[in-house]
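Data first, discussion second: the structure below is written as structure tokens.
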Amino acid sequence: MPERLADMLLDLWTPLIILWITLPPCIYMAPMNQSQILMSGSPLELNRLSEEQRILNRSKRGWVWNQMFVLEEFSGPEPILVGRLHTDLDPGSKKIKYILSGDGAGTIFQINDITGDIHAIKRLDREEKAEYTLTAQAVDWETNKPLEPPSEFIIKVQDINDNAPEFLNGPYHATVPEMSILGTSVTNVTATDADDPVYGNSAKLVYSILEGQPYFSIEPETAIIKTALPNMDREAKEEYLVVIQAKDMGGHSGGLSGTTTLTVTLTDVNDNPPKFAQSLYHFSVPEDVVLGTAIGRVKANDQDIGENAQSSYDIIDGDGTALFEITSDTQAQDGVIRLRKPLDFETKKSYTLKVEAANVYIDPRFSSRGPFKDTATVKIVVEDADEPPVFSSPTYLLEVHENAALNSVIGQVTARDPDITSSPIRFSIDRHTDLERQFNINADDGKITLATPLDRELSVWHNITIIATEIRNHSQISRVPVAIKVLDVNDNAPEFASEYEAFLCENGKPGQVIQTVSAMDKDDPKNGHYFLYSLLPEMVNNPNFTIKKNEDNSLSILAKHNGFNRQKQEVYLLPIIISDSGNPPLSSTSTLTIRVCGCSSDGVVQSCNVEAYVLPIGLSMGALIAILACIILLLVIVVLFVTLRRHKNEPLIIKDDEDVRENIIRYDDEGGGEEDTEAFDIATLQNPDGINGFLPPLLTPIFMVTHRTS
Ligand SMILES: *[C@@H]1O[C@H](CO)[C@@H](O)[C@H](O)[C@H]1NC(C)=O
Ligand SMILES: *[C@@H]1O[C@H](CO)[C@@H](O)[C@H](O)[C@H]1NC(C)=O
């Protein structure tokens with residue numbers, strides 16, 4: 001039985017399984033000590049070889065002495081013989097017993113303790129455990145005493161091709177540009193084989209393509225996949241399925257194989273020009289369409305994708321190049337035609353454009369195939385639209401003299417309906433812009449007339465809006481601004497620029513300038529103001545004062561002598577005629593009051609006649625009003641007194657309250673002094689009996705003073 005098994009093994013693995021394990025060489029060096037364990041992978045071999053031959057062979061062939069081999073995956077009817085232990089001490093007598101220990105001893109490997117035969121009793125898998133370390137020992141059969149030291153050895157599980165190649169990362173995806181040249185590398189794949197890569201060809205892989213020819217090829221050793229056809233066209237076929245096989249045993253028959261799939265996608269290159277879907281496009285557009293409105297879209301198709309399909313659109317010719325523009329819509333990949341300048345149906349009713357679509361990203365490899373652009377014709381028809389009236393001018397500026405007669409024509413606006421069926425037009429003034437109804441307009445001819453008198457000194461500009469309405473369609477309205485400028489007419493006389501008050505020193509010198517006055521005129525003559533000053537004709541030879549015109553249009557008043565004296569005359573009134581340079585000129589007379597005052601030696605006014613100037617004209621309007629307010633307040637108090645007294649049934653000289661009020665009102669009036677004086681005669685408020693006079697004495701002087709103001 002063991003011999004049959006050995007024969008079988010020999011046939012298959014003869015060169016490999018004759019293995020030896022020996023004691024260290026020193027034992028051989030001492031022939032006196034014959035103690036050694038001999039191991040043999042095969043009983044046959046053991047029989048054939050003498051000990052001497054074995055030693056020779058060992059040194060000659062360089063074997064590893066402490067290894068045994070056993071074939072993996074062996075499954076026979078009997079346990080497989082791995083090898084035999086043998087010691088030289090064993091003369092055949094049954095005195096010796098072999099003991100095995102270590103990895104799998106007893107469970108995987110069994111030893112016949114008499115013969116030393118080692119059997120594997122289980123099926124082994126190299127890919128699971130490739131080697132086992134065991135220890136062999138020879139002991140005395142009876143005493144169990146070791147006859148020599150234990151000897152360690154290894155049982156190696158020998159590979160058979162029991163694993164197929166596997167593509168662990170599959171299925172694969174790869175891309176390659178379309179139109180690539182033959183042999184362009186696409187990708188590479190890798191298969192793995194679990195079998196022993198160093199022993200035999202079980203893990204020696206060779207790659208081939210099962211599906212995907214003739215488009216792709218694979219290099220058998222490196223598994224680099226390349227294009228096998230030139231100029232594959234993405235637009236014809238975009239995706240290819242390639243089935244790749246890896247076969248072990250160097251690709252020889254009987255080897256194991258594994259497959260995977262590779263999906264190759266061709267990426268786009270710009271190998272197709274754009275092409276307009278139509279060679280002629282028709283669009284129509286109303287003439288009143290807003291500028292910038294999209295009028296139509298043209299599209300050039302491109303078989304490429306992404307930026308290779310992108311085209312820019314241009315208007316390259318035609319009679320509407322100035323009025324229309326085209327913009328490229330990269331999203332929709334079309335061209336949008338827009339209006340750039342206003343259309344007028346009445347002027348031109350149709351336009352023709354030549355538009356071009358050109359690829360933006362040209363691939364120089366294919367530019368020799370022809371221009372990557374295309375052209376088309378666009379016809380645009382302008383449609384008539386009902387348009388509002390159009391004024392002859394976008395704005396009007398009219399001028400009118402301020403003294404213009406009522407109903408005189410200031411100017412005219414005109415407007416027309418641009419439509420073919422021209423409608424008559426009516427004009428009106430937007431009254432919001434002429435609230436005072438200063439102007440009228442003739443609804444038919446647009447003539448603007450003056451309705452109320454003008455005054456340039458009140459308002460220089462009257463800016464109004466004129467409305468034009470089509471009679472046939474009242475919704476067609478246009479408006480135009482009309483600025484009316486009022487021109488000056490000399491209708492204001494010059495006068496003193498302010499209320500001047502002059503002081504004259506008693507000790508002044510002749511020729512001294514007493515006062516400088518200037519004049520103003522509300523008018524606005526074109527060349528500016530030029531005033532003429534003169535004394536009244538009867539005063540031309542005034543012995544006391546003279547006048548002198550200054551460069552700046554002002555006037556100096558000079559004293560003619562030095563003998564002025566307050567005692568003699570406190571105040572001089574000097575009327576001055578001021579005349580403008582208008583045509584005709586206007587003039588007025590203003591009177592300058594000159595007071596004679598006492599002055600210090602250096603000409604500083606020190607004392608004038610206080611009463612003379614403080615009271616009559618020294619009070620300002622504000623001061624007068626304040627005093628009047630005080631008086632009214634006092635009178636109210638008086639009235640209250642009177643009322644109180646009446647309630648006490650005390651007789652009063654004033655019959656009723658009305659009288660008092662009337663007096664107050666009359667006092668307030670401007671007017672002659674005598675009446676006012678009478679109205680404020682204190683006697684009327686006083687009790688004639690002189691008993692219980694209720695006015696405080698304080699009031700009396702105030703009344704006395706104020707009445708002098710009139
Ligand atoms: C009226 O229009 C004129 C000219 O446009 C302009 O100079 C002026 O300031 C305007 N006046 C008013 C009050 O709007
Ligand atoms: C000039 O002054 C004198 C007194 O100084 C006066 O009597 C005379 O009326 C004055 N003449 C004029 C024109 O005011």
Side-chain angles (χ1 to χ4, degrees), residues 391-402 404 410-413 429-441 446 448-467 478-488 500-515 517 522 524 526 533-548 555-577 589-599 605 607-609 612-613 616-617:
F391 280 98
S392 60
S393 166
T395 59
Y396 292 89
L397 174 64
L398 307 180
E399 291 183 338
V400 56
H401 280 99
E402 55 180 322
I410 294 165
Q412 186 176 20
V413 297
I429 295 173
D430 181 346
R431 287 300 173 188
H432 297 290
T433 63
D434 183 26
L435 292 171
E436 283 148 27
R437 298 189 163 260
Q438 189 94 53
F439 306 100
N440 284 326
I441 191 163
I448 299 165
T449 53
L450 187 62
T452 58
L454 294 165
D455 184 1
R456 192 205 64 86
E457 285 71 40
L458 276 180
S459 178
V460 176
W461 287 101
H462 296 273
N463 293 355
I464 61 174
T465 300
I466 304 289
I467 301 168
S478 294
R479 303 167 148 263
V480 74
V482 177
I484 299 171
K485 186 180 187 183
V486 181
L487 302 178
D488 188 48
Y500 294 104
E501 219 173 15
F503 300 95
L504 170 60
C505 287
E506 285 178 316
N507 55 353
K509 292 180 184 68
Q512 194 172 3
V513 174
I514 303 167
Q515 179 75 34
V517 298
K522 287 177 190 150
D524 184 22
K526 265 192 206 125
Y533 301 92
S534 60
L535 297 174
L536 289 183
E538 63 268 30
M539 290 255 198
V540 168
N541 293 316
N542 189 314
N544 302 321
F545 307 105
T546 185
I547 56 172
K548 182 171 154 270
L555 181 75
S556 294
I557 291 101
L558 296 87
K560 263 189 162 172
H561 58 82
N562 57 357
F564 293 98
N565 188 334
R566 266 183 290 173
Q567 251 65 47
K568 235 163 89 189
Q569 188 163 348
E570 298 165 2
V571 174
Y572 293 85
L573 297 176
L574 185 63
I576 296 169
I577 303 167
T589 304
S590 301
T591 302
L592 179 68
T593 308
I594 303 167
R595 287 171 210 298
V596 182
C597 303
C599 300
V605 175
S607 65
C608 303
N609 190 327
Y613 79 89
I617 55 168

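Start at 1 and go down the list; that is how both ligands and their atoms are numbered.
Heavy-atom proximity to Ala483, at under 4.0 Å, picks out these atoms of ligand 1: 2 (O), 4 (C).
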request  = List the steps and the verdict of side chain to side chain contact (heavy atoms under 4.5 Å, CB included) for Asn544 and His561.
outcome  = CA-CA 6 Å; Asn544 302 321; His561 58 82; 2.9 Å; yes

Below 3.5 Å, can you tabulate the donor-acceptor pairs from side chains in residues 393-401 to any protein atom, sequence neighbours excluded?
| from | atom 1 | to | atom 2 | distance (Å) |
| --- | --- | --- | --- | --- |
| Ser393 | OG | Thr395 | N | 3.3 |
| Ser393 | OG | Thr395 | O | 2.4 |
| Tyr396 | OH | Ser392 | N | 3.3 |
| Tyr396 | OH | Ser392 | OG | 2.6 |
| Tyr396 | OH | Ser393 | N | 3.3 |
| Tyr396 | OH | Thr414 | O | 3.2 |

Write 'none' if nothing qualifies; otherwise put on separate lines each N/O atom of ligand 2 with a protein N/O atom under 3.5 Å away and their distance to 0.1 Å.
| from | atom 1 | to | atom 2 | distance (Å) |
| --- | --- | --- | --- | --- |
| ligand 2 | 2 (O) | Asn544 | OD1 | 2.9 |
| ligand 2 | 2 (O) | Asn544 | ND2 | 2.5 |
| ligand 2 | 5 (O) | Tyr572 | OH | 3.1 |
| ligand 2 | 11 (N) | Asn544 | ND2 | 2.9 |
| ligand 2 | 14 (O) | Asn544 | ND2 | 3.3 |

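Distances between N or O atoms of Trp461 and those of ligand 1 include no value under 3.5 Å.
Interatomic distance, CD of Glu436 versus OG of Ser459, reported as 7.5 Å (0.5 Å rounding). The CD1 atom of Ile410 sits 7.0 Å away from the CD1 atom of Ile448 when rounded to the nearest 0.5 Å. Rounding to the nearest 0.5 angstrom, the gap separating the OH atom in Tyr500 from the CG atom in Leu574 is 14.0 Å. Note that the CZ atom of Arg431 and the CD1 atom of Ile464 stand 8.0 Å from one another [nearest 0.5 Å].
The shortest side-chain heavy-atom distance between Phe439 and Leu450 falls under the 4.5 Å cut-off.
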